[in-house]
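Data block below; observations after.
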Number of protein chains: 2
Amino acid sequence: MNLTTTETKFILHWGEMGTRWGINRTVAQVHALLYIAGRPVPADEIAQTLSVARSNVSTSLRELQGWGLVKASHVLGDRRDHFETMQDVWAMFKLVATERKRREIDPTLGVLKEAIAQAEKSGEKATREKLAQMLEFFETVTEAFEEFVKMSPGALKKVVKYGGKLQKLLGVGT
Amino acid sequence: MNLTTTETKFILHWGEMGTRWGINRTVAQVHALLYIAGRPVPADEIAQTLSVARSNVSTSLRELQGWGLVKASHVLGDRRDHFETMQDVWAMFKLVATERKRREIDPTLGVLKEAIAQAEKSGEKATREKLAQMLEFFETVTEAFEEFVKMSPGALKKVVKYGGKLQKLLGVGT
DNA sequence: CCGTTCTTTCTGTAAGAAGTGAAACATCGG
DNA sequence: CCGATGTTTCACTTCTTACAGAAAGAACGG
(Lines give C-alpha, C1' and ligand atoms only; values in the text may rest on other atoms or scores of the structure.)
Protein backbone atom coordinates (compact mmCIF):
# COMPACT_ATOMS: atom_id res chain seq x y z
CA MET A 1 0.00 0.00 0.00
CA ASN A 2 1.38 3.36 -0.94
CA LEU A 3 0.75 6.19 1.43
CA THR A 4 0.43 9.77 0.35
CA THR A 5 2.30 12.39 2.37
CA THR A 6 -0.97 13.42 3.97
CA GLU A 7 -1.67 9.91 5.12
CA THR A 8 1.86 9.42 6.35
CA LYS A 9 1.68 12.60 8.37
CA PHE A 10 -1.56 11.53 9.99
CA ILE A 11 -0.32 8.06 10.82
CA LEU A 12 2.89 9.35 12.34
CA HIS A 13 1.03 11.87 14.45
CA TRP A 14 -1.39 9.23 15.60
CA GLY A 15 1.54 7.11 16.67
CA GLU A 16 2.96 9.97 18.71
CA MET A 17 -0.39 10.62 20.34
CA GLY A 18 -0.54 6.98 21.25
CA THR A 19 2.76 7.04 23.10
CA ARG A 20 1.65 10.05 25.09
CA TRP A 21 -1.39 8.17 26.31
CA GLY A 22 0.37 4.96 27.15
CA ILE A 23 -0.37 3.20 23.88
CA ASN A 24 2.36 1.55 21.90
CA ARG A 25 3.43 3.59 18.89
CA THR A 26 3.19 0.74 16.39
CA VAL A 27 -0.19 -0.28 17.73
CA ALA A 28 -1.49 3.23 17.18
CA GLN A 29 0.06 3.42 13.73
CA VAL A 30 -1.46 0.14 12.64
CA HIS A 31 -4.81 1.36 13.81
CA ALA A 32 -4.45 4.65 11.98
CA LEU A 33 -3.45 2.83 8.83
CA LEU A 34 -6.50 0.59 8.98
CA TYR A 35 -8.72 3.57 9.58
CA ILE A 36 -7.31 5.35 6.58
CA ALA A 37 -7.40 2.25 4.43
CA GLY A 38 -11.08 1.70 5.14
CA ARG A 39 -10.86 -1.85 3.82
CA PRO A 40 -9.50 -5.18 5.03
CA VAL A 41 -5.71 -5.21 4.80
CA PRO A 42 -3.47 -8.27 5.16
CA ALA A 43 -0.82 -8.15 7.87
CA ASP A 44 2.15 -8.31 5.58
CA GLU A 45 0.91 -5.32 3.66
CA ILE A 46 0.65 -3.41 6.92
CA ALA A 47 4.20 -4.40 7.80
CA GLN A 48 5.49 -3.26 4.43
CA THR A 49 3.61 -0.01 4.47
CA LEU A 50 4.76 0.96 7.95
CA SER A 51 8.23 -0.56 7.55
CA VAL A 52 8.02 -2.64 10.69
CA ALA A 53 8.62 -6.31 11.26
CA ARG A 54 5.86 -8.71 10.39
CA SER A 55 5.94 -10.05 13.94
CA ASN A 56 5.49 -6.60 15.33
CA VAL A 57 2.37 -6.17 13.25
CA SER A 58 1.09 -9.49 14.51
CA THR A 59 1.48 -8.40 18.11
CA SER A 60 -0.09 -5.03 17.45
CA LEU A 61 -3.08 -6.55 15.70
CA ARG A 62 -3.61 -8.91 18.57
CA GLU A 63 -3.53 -5.95 20.95
CA LEU A 64 -6.02 -4.04 18.82
CA GLN A 65 -8.29 -7.05 18.63
CA GLY A 66 -8.10 -7.24 22.42
CA TRP A 67 -9.51 -3.73 22.53
CA GLY A 68 -12.21 -4.73 20.09
CA LEU A 69 -10.94 -2.09 17.69
CA VAL A 70 -9.93 -4.42 14.91
CA LYS A 71 -11.43 -7.57 13.57
CA ALA A 72 -10.12 -10.14 11.19
CA SER A 73 -11.91 -10.74 7.95
CA HIS A 74 -11.32 -12.71 4.81
CA VAL A 75 -11.17 -12.08 1.16
CA LEU A 76 -12.25 -14.67 -1.38
CA GLY A 77 -9.36 -16.44 -2.97
CA ASP A 78 -6.86 -15.26 -0.38
CA ARG A 79 -5.76 -17.47 2.46
CA ARG A 80 -4.28 -14.64 4.43
CA ASP A 81 -6.13 -13.00 7.28
CA HIS A 82 -7.18 -9.47 6.54
CA PHE A 83 -7.81 -6.87 9.19
CA GLU A 84 -10.11 -3.92 9.35
CA THR A 85 -11.21 -1.36 11.87
CA MET A 86 -14.55 0.33 12.33
CA GLN A 87 -14.96 3.57 10.43
CA ASP A 88 -17.07 5.28 13.06
CA VAL A 89 -14.85 7.50 15.18
CA TRP A 90 -17.41 7.88 17.94
CA ALA A 91 -17.76 4.11 18.23
CA MET A 92 -13.98 3.77 18.38
CA PHE A 93 -13.79 6.29 21.16
CA LYS A 94 -16.52 4.58 23.15
CA LEU A 95 -14.76 1.27 22.91
CA VAL A 96 -11.42 2.58 24.03
CA ALA A 97 -12.81 4.74 26.78
CA THR A 98 -15.03 2.02 28.16
CA GLU A 99 -12.25 -0.48 28.08
CA ARG A 100 -9.79 1.82 29.80
CA LYS A 101 -12.34 2.54 32.45
CA ARG A 102 -12.72 -1.17 33.03
CA ARG A 103 -9.00 -1.84 33.09
CA GLU A 104 -7.83 1.19 35.01
CA ILE A 105 -10.52 3.18 36.72
CA ASP A 106 -12.45 0.25 38.16
CA PRO A 107 -9.36 -1.22 39.84
CA THR A 108 -8.58 2.23 41.21
CA LEU A 109 -12.02 2.43 42.74
CA GLY A 110 -11.32 -0.91 44.32
CA VAL A 111 -8.00 0.19 45.74
CA LEU A 112 -9.54 3.36 47.11
CA LYS A 113 -12.36 1.49 48.80
CA GLU A 114 -9.97 -0.95 50.39
CA ALA A 115 -7.66 1.82 51.51
CA ILE A 116 -10.55 3.76 53.01
CA ALA A 117 -11.72 0.75 54.96
CA GLN A 118 -8.22 0.15 56.20
CA ALA A 119 -7.71 3.79 57.16
CA GLU A 120 -10.99 3.66 58.99
CA LYS A 121 -9.94 0.63 60.97
CA SER A 122 -6.57 2.02 61.96
CA GLY A 123 -8.03 5.38 62.85
CA GLU A 124 -6.20 7.46 60.24
CA LYS A 125 -8.83 10.11 60.10
CA ALA A 126 -7.18 12.65 57.82
CA THR A 127 -6.04 10.07 55.29
CA ARG A 128 -9.42 8.41 55.31
CA GLU A 129 -11.02 11.74 54.51
CA LYS A 130 -8.70 12.52 51.62
CA LEU A 131 -9.15 9.11 50.08
CA ALA A 132 -12.90 9.39 50.47
CA GLN A 133 -12.89 12.67 48.60
CA MET A 134 -10.89 11.11 45.85
CA LEU A 135 -13.25 8.16 45.67
CA GLU A 136 -16.26 10.40 45.49
CA PHE A 137 -14.68 12.31 42.65
CA PHE A 138 -13.95 9.16 40.71
CA GLU A 139 -17.42 7.84 41.23
CA THR A 140 -19.08 11.02 40.06
CA VAL A 141 -16.90 11.34 37.00
CA THR A 142 -17.40 7.70 36.17
CA GLU A 143 -21.14 8.09 36.27
CA ALA A 144 -20.99 11.23 34.20
CA PHE A 145 -18.82 9.45 31.73
CA GLU A 146 -21.29 6.61 31.48
CA GLU A 147 -24.07 9.03 30.60
CA PHE A 148 -21.74 10.59 28.12
CA VAL A 149 -20.89 7.47 26.16
CA LYS A 150 -24.54 6.51 26.01
CA MET A 151 -25.24 9.55 23.91
CA SER A 152 -25.34 9.53 20.16
CA PRO A 153 -23.12 12.12 18.50
CA GLY A 154 -26.26 14.09 17.70
CA ALA A 155 -27.34 14.09 21.31
CA LEU A 156 -23.90 15.15 22.35
CA LYS A 157 -23.97 18.10 20.03
CA LYS A 158 -27.32 19.24 21.37
CA VAL A 159 -26.17 18.95 24.92
CA VAL A 160 -23.13 21.02 24.09
CA LYS A 161 -25.28 23.57 22.32
CA TYR A 162 -27.74 23.93 25.15
CA GLY A 163 -25.26 23.11 27.87
CA GLY A 164 -25.20 26.55 29.42
CA LYS A 165 -28.96 26.78 29.43
CA LEU A 166 -29.31 23.39 31.00
CA GLN A 167 -27.06 24.38 33.81
CA LYS A 168 -29.19 27.41 34.46
CA LEU A 169 -32.28 25.28 34.28
CA LEU A 170 -30.89 23.04 36.94
CA GLY A 171 -30.13 26.05 39.04
CA VAL A 172 -26.45 25.38 39.35
CA GLY A 173 -23.80 27.97 38.68
CA THR A 174 -20.62 27.53 36.75
CA MET B 1 7.68 11.46 57.05
CA ASN B 2 6.46 8.02 57.97
CA LEU B 3 3.84 6.48 55.77
CA THR B 4 1.25 4.06 57.02
CA THR B 5 0.63 0.96 54.92
CA THR B 6 -2.61 2.51 53.68
CA GLU B 7 -0.81 5.59 52.46
CA THR B 8 1.96 3.57 50.89
CA LYS B 9 -0.53 1.46 49.02
CA PHE B 10 -2.31 4.51 47.68
CA ILE B 11 0.90 6.23 46.60
CA LEU B 12 2.19 3.15 44.82
CA HIS B 13 -1.08 2.66 43.01
CA TRP B 14 -1.13 6.29 41.99
CA GLY B 15 2.35 5.86 40.57
CA GLU B 16 1.20 2.91 38.51
CA MET B 17 -1.81 4.77 37.23
CA GLY B 18 0.49 7.57 36.19
CA THR B 19 2.66 5.33 34.06
CA ARG B 20 -0.40 3.97 32.30
CA TRP B 21 -1.41 7.46 31.29
CA GLY B 22 2.00 8.63 30.18
CA ILE B 23 2.96 10.29 33.44
CA ASN B 24 6.24 9.52 35.08
CA ARG B 25 5.91 7.22 38.06
CA THR B 26 7.92 9.35 40.46
CA VAL B 27 6.05 12.47 39.42
CA ALA B 28 2.77 10.78 40.21
CA GLN B 29 4.07 9.46 43.51
CA VAL B 30 5.32 12.83 44.60
CA HIS B 31 1.95 14.27 43.80
CA ALA B 32 0.14 11.57 45.72
CA LEU B 33 2.39 12.10 48.68
CA LEU B 34 1.72 15.81 48.74
CA TYR B 35 -1.97 15.20 48.45
CA ILE B 36 -1.90 12.81 51.38
CA ALA B 37 0.36 15.03 53.42
CA GLY B 38 -1.98 17.99 53.03
CA ARG B 39 0.71 20.35 54.21
CA PRO B 40 3.87 21.89 52.75
CA VAL B 41 6.65 19.31 52.63
CA PRO B 42 10.33 20.00 51.94
CA ALA B 43 11.91 18.24 49.00
CA ASP B 44 14.40 16.21 50.98
CA GLU B 45 11.62 14.82 53.10
CA ILE B 46 9.82 13.74 49.96
CA ALA B 47 12.99 12.07 48.71
CA GLN B 48 13.48 10.23 51.97
CA THR B 49 9.87 9.15 52.24
CA LEU B 50 9.71 7.79 48.71
CA SER B 51 13.30 6.51 48.71
CA VAL B 52 14.28 8.30 45.55
CA ALA B 53 17.18 10.58 44.78
CA ARG B 54 16.89 14.17 45.83
CA SER B 55 17.54 15.22 42.25
CA ASN B 56 14.72 13.09 41.03
CA VAL B 57 12.36 14.84 43.41
CA SER B 58 13.59 18.17 42.16
CA THR B 59 12.78 17.26 38.58
CA SER B 60 9.41 15.86 39.51
CA LEU B 61 8.45 18.94 41.48
CA ARG B 62 9.41 21.13 38.57
CA GLU B 63 7.22 19.03 36.32
CA LEU B 64 4.31 19.25 38.74
CA GLN B 65 4.75 22.98 39.02
CA GLY B 66 4.65 23.14 35.24
CA TRP B 67 1.23 21.54 35.38
CA GLY B 68 0.18 24.01 38.03
CA LEU B 69 -0.49 21.15 40.40
CA VAL B 70 2.12 22.02 42.98
CA LYS B 71 3.30 25.28 44.34
CA ALA B 72 6.25 26.18 46.50
CA SER B 73 5.64 27.69 49.88
CA HIS B 74 7.71 28.59 52.87
CA VAL B 75 7.70 27.86 56.53
CA LEU B 76 8.93 30.38 59.08
CA GLY B 77 12.36 29.59 60.38
CA ASP B 78 13.14 27.15 57.58
CA ARG B 79 15.21 28.13 54.61
CA ARG B 80 14.15 25.16 52.57
CA ASP B 81 11.45 25.35 49.95
CA HIS B 82 8.35 23.48 50.87
CA PHE B 83 5.85 22.14 48.40
CA GLU B 84 2.16 21.57 48.56
CA THR B 85 -0.63 20.57 46.23
CA MET B 86 -4.23 21.63 46.16
CA GLN B 87 -6.58 19.49 48.22
CA ASP B 88 -9.52 19.81 45.85
CA VAL B 89 -9.64 16.74 43.61
CA TRP B 90 -12.00 18.33 41.13
CA ALA B 91 -9.69 21.31 40.73
CA MET B 92 -6.74 19.01 40.21
CA PHE B 93 -8.59 17.13 37.53
CA LYS B 94 -9.60 20.31 35.75
CA LEU B 95 -6.03 21.51 35.68
CA VAL B 96 -4.60 18.32 34.30
CA ALA B 97 -7.36 17.80 31.77
CA THR B 98 -7.24 21.35 30.51
CA GLU B 99 -3.49 21.25 30.24
CA ARG B 100 -3.46 17.97 28.39
CA LYS B 101 -6.04 19.31 26.02
CA ARG B 102 -3.81 22.28 25.34
CA ARG B 103 -0.68 20.22 24.90
CA GLU B 104 -2.07 17.28 22.98
CA ILE B 105 -5.55 17.74 21.61
CA ASP B 106 -5.07 21.23 20.27
CA PRO B 107 -1.99 20.26 18.25
CA THR B 108 -3.91 17.27 16.95
CA LEU B 109 -6.70 19.52 15.76
CA GLY B 110 -4.04 21.55 13.97
CA VAL B 111 -2.52 18.53 12.29
CA LEU B 112 -5.95 17.32 11.20
CA LYS B 113 -6.86 20.67 9.72
CA GLU B 114 -3.61 20.87 7.81
CA ALA B 115 -3.96 17.32 6.59
CA ILE B 116 -7.50 17.93 5.45
CA ALA B 117 -6.47 21.00 3.50
CA GLN B 118 -3.66 19.08 1.90
CA ALA B 119 -5.88 16.13 1.03
CA GLU B 120 -8.34 18.54 -0.47
CA LYS B 121 -5.68 20.08 -2.66
CA SER B 122 -4.31 16.80 -3.92
CA GLY B 123 -7.76 15.38 -4.52
CA GLU B 124 -7.59 12.53 -2.03
CA LYS B 125 -11.29 12.40 -1.55
CA ALA B 126 -11.61 9.34 0.68
CA THR B 127 -8.79 10.33 2.98
CA ARG B 128 -10.10 13.86 3.23
CA GLU B 129 -13.45 12.52 4.30
CA LYS B 130 -12.03 10.24 6.98
CA LEU B 131 -9.87 12.97 8.42
CA ALA B 132 -12.81 15.35 8.40
CA GLN B 133 -14.89 12.89 10.39
CA MET B 134 -12.10 12.55 12.88
CA LEU B 135 -11.77 16.30 13.16
CA GLU B 136 -15.47 16.72 13.71
CA PHE B 137 -15.35 14.15 16.46
CA PHE B 138 -12.49 15.87 18.20
CA GLU B 139 -14.15 19.23 17.97
CA THR B 140 -17.43 18.00 19.39
CA VAL B 141 -15.78 16.16 22.24
CA THR B 142 -13.58 19.13 22.98
CA GLU B 143 -16.57 21.41 23.25
CA ALA B 144 -18.41 18.92 25.40
CA PHE B 145 -15.39 18.66 27.57
CA GLU B 146 -15.23 22.40 27.98
CA GLU B 147 -18.81 22.51 29.19
CA PHE B 148 -17.96 19.68 31.50
CA VAL B 149 -15.03 21.31 33.26
CA LYS B 150 -17.01 24.48 33.71
CA MET B 151 -19.39 22.66 35.98
CA SER B 152 -19.10 22.60 39.70
CA PRO B 153 -19.10 19.13 41.24
CA GLY B 154 -22.65 19.82 42.40
CA ALA B 155 -23.77 20.69 38.90
CA LEU B 156 -22.11 17.61 37.58
CA LYS B 157 -23.96 15.41 40.02
CA LYS B 158 -27.28 16.92 39.04
CA VAL B 159 -26.58 16.47 35.38
CA VAL B 160 -25.72 12.86 36.02
CA LYS B 161 -28.84 12.40 38.06
CA TYR B 162 -31.15 13.90 35.49
CA GLY B 163 -29.03 12.89 32.52
CA GLY B 164 -31.47 10.41 31.11
CA LYS B 165 -34.38 12.78 31.45
CA LEU B 166 -32.46 15.57 29.76
CA GLN B 167 -31.75 13.39 26.81
CA LYS B 168 -35.43 12.63 26.47
CA LEU B 169 -36.24 16.30 26.85
CA LEU B 170 -33.92 17.09 23.99
CA GLY B 171 -35.59 14.44 21.92
CA VAL B 172 -32.47 12.46 21.27
CA GLY B 173 -32.20 8.74 21.69
CA THR B 174 -29.44 6.83 23.38
C1' DC C 1 32.92 38.06 51.54
C1' DC C 2 33.12 33.30 53.03
C1' DG C 3 31.16 29.14 54.72
C1' DT C 4 26.89 26.74 55.01
C1' DT C 5 22.66 25.06 53.38
C1' DC C 6 19.71 24.10 49.87
C1' DT C 7 18.49 23.48 44.86
C1' DT C 8 19.17 22.41 40.16
C1' DT C 9 21.70 20.73 36.20
C1' DC C 10 24.32 17.36 34.03
C1' DT C 11 26.31 12.92 32.85
C1' DG C 12 26.61 8.09 33.04
C1' DT C 13 24.12 3.87 34.22
C1' DA C 14 20.39 0.94 34.75
C1' DA C 15 15.82 -0.57 33.91
C1' DG C 16 12.14 -1.16 30.86
C1' DA C 17 9.78 -1.18 26.52
C1' DA C 18 9.61 -1.89 21.82
C1' DG C 19 11.02 -4.18 17.85
C1' DT C 20 13.46 -7.70 14.90
C1' DG C 21 14.34 -12.16 12.89
C1' DA C 22 14.45 -16.93 13.46
C1' DA C 23 12.17 -20.81 14.77
C1' DA C 24 8.08 -23.14 16.02
C1' DC C 25 3.42 -23.70 15.03
C1' DA C 26 -0.93 -24.01 12.36
C1' DT C 27 -3.66 -24.57 8.28
C1' DC C 28 -4.68 -25.86 3.94
C1' DG C 29 -4.39 -27.84 -0.90
C1' DG C 30 -3.16 -31.44 -3.30
C1' DC D 1 0.80 -37.11 4.58
C1' DC D 2 3.70 -33.55 2.85
C1' DG D 3 5.01 -29.26 0.99
C1' DA D 4 3.63 -24.54 0.77
C1' DT D 5 1.82 -20.57 2.80
C1' DG D 6 0.68 -17.87 6.50
C1' DT D 7 0.85 -16.75 11.69
C1' DT D 8 2.58 -16.54 16.33
C1' DT D 9 5.97 -17.09 19.87
C1' DC D 10 10.35 -16.41 21.72
C1' DA D 11 15.09 -14.96 22.55
C1' DC D 12 17.96 -11.34 21.59
C1' DT D 13 19.05 -6.44 20.35
C1' DT D 14 18.17 -1.69 20.26
C1' DC D 15 16.23 2.39 21.85
C1' DT D 16 14.15 5.20 25.15
C1' DT D 17 13.31 6.87 29.48
C1' DA D 18 14.05 7.15 34.31
C1' DC D 19 17.12 7.60 37.90
C1' DA D 20 21.26 8.25 40.92
C1' DG D 21 25.15 10.73 42.25
C1' DA D 22 28.41 14.25 41.46
C1' DA D 23 29.20 18.80 40.41
C1' DA D 24 27.75 23.33 39.76
C1' DG D 25 24.92 27.09 41.10
C1' DA D 26 22.03 30.14 44.31
C1' DA D 27 20.70 32.14 48.47
C1' DC D 28 21.43 33.24 52.90
C1' DG D 29 23.60 34.14 57.69
C1' DG D 30 27.09 35.85 60.04
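Convention: sequence-line order gives letters A, B, ...; per-chain numbering from 1.
Contacts of B/Glu99 classified as salt bridge (charged side-chain N to carboxylate O under 4.0 Å, His left out), with partners at least two apart in sequence or in another chain: B/Arg102, B/Arg103. Under the ring pair (Phe, Tyr, Trp, His ring centres under 6.0 Å) criterion, B/Phe93 pairs with A/Phe137, B/Trp90, not counting sequence neighbours. Qualifying salt bridge (charged side-chain N to carboxylate O under 4.0 Å, His left out) partners for B/Arg62, counting only residues two or more places apart in sequence or in other chains: none. A search for ring pair (Phe, Tyr, Trp, His ring centres under 6.0 Å) contacts involving B/Phe10 returns B/Trp14, not counting sequence neighbours. A/Asn24 meets the side-chain hydrogen bond (donor to acceptor under 3.5 Å, both in side chains) test with no other residue; sequence neighbours excluded. Taking the salt bridge (charged side-chain N to carboxylate O under 4.0 Å, His left out) definition, one finds that A/Lys71 meets it with A/Glu84, sequence neighbours left out.
Annotation: proximity of residues 29-44 of chain A to DNA chain C (heavy atom, distance under 4.0 Å) is found for no residue.
Rounded to an integer number of Å, the gap from CG of B/Leu50 to C1' of D/dA18 is 15 Å. One atom, CD1 of A/Ile46, and another, P of D/dT7, lie 10 Å apart when rounded to the nearest Å. For the pair A/Ile23 CD1 and C/dA18 P, the computed distance is 11 Å after rounding to whole Å. Regarding A/Gln48, its CD atom lies at a distance of 18 Å from the C1' atom of C/dG19, rounded to whole Å. Here the C1' atom of nucleotide C/dG16 and the CG atom of A/Asn24 are 13 Å apart, to the nearest Å. Rounded to whole angstrom, the span from the CZ atom of B/Arg25 across to the C1' atom of D/dA20 amounts to 16 Å.
Residue B/Val30 is tested with B/Leu34, B/Leu33, B/Val27 for a side chain to side chain contact (heavy atoms under 4.5 Å, CB included); the sole match is B/Leu34. For the side chain to side chain contact (heavy atoms under 4.5 Å, CB included) criterion with B/Ile46, the lone passing option out of B/Thr49, B/Leu50, B/Asp44 is B/Leu50.
Of the side-chain N and O atoms in B/Asn56, none sit less than 4.0 angstrom from OP1 or OP2 of C/dT8.
Using a 4.0 Å cut-off between charged nitrogen and carboxylate oxygen, B/Lys150 and B/Glu143 do not count as a salt-bridge pair.
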Close N or O pairs between protein and nucleotides 8-10 of chain D (under 3.5 Å):
residue: D/dT8; atom: OP2; partner: A/Ser58; partner atom: OG; Å: 3.0

With 3.5 Å as the limit, what N/O pairs link the protein to nucleotides 23-28 of chain D?
residue: D/dA27; atom: N3; partner: B/Arg79; partner atom: NH2; Å: 3.1

Please output the side-chain donor-acceptor pairs of residues 128-136 of chain B that fall under 3.5 Å, not counting sequence neighbours, one pair per line with the distance.
residue: B/Arg128; atom: NH1; partner: B/Glu120; partner atom: OE1; Å: 3.1
residue: B/Lys130; atom: NZ; partner: A/Gln87; partner atom: OE1; Å: 3.4
residue: B/Glu136; atom: OE2; partner: A/Lys157; partner atom: NZ; Å: 2.7

Cut-off 3.5 Å, no hydrogens considered: what does the side-chain donor-acceptor table look like for residues 106-114 of chain A, sequence neighbours left out?
residue: A/Asp106; atom: OD1; partner: A/Lys101; partner atom: NZ; Å: 2.9
residue: A/Asp106; atom: OD2; partner: A/Lys101; partner atom: NZ; Å: 3.3
residue: A/Thr108; atom: OG1; partner: A/Glu104; partner atom: O; Å: 2.8
residue: A/Thr108; atom: OG1; partner: B/His13; partner atom: NE2; Å: 2.9
residue: A/Glu114; atom: OE1; partner: B/Lys9; partner atom: NZ; Å: 3.4

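The number of heavy atoms from other shown groups lying within 6.0 Å of CG (A/Asn2) does not exceed 12.
Relative to the ring axis of A/Trp21, B/Arg100 places its NZ or CZ within 45° and under 6.0 Å from the centre.
Two end axes, each from the C1' atoms of five base pairs, can be drawn for the helix from C/dC1-D/dG30 to C/dG30-D/dC1; they diverge by 10°, to 10 degrees.
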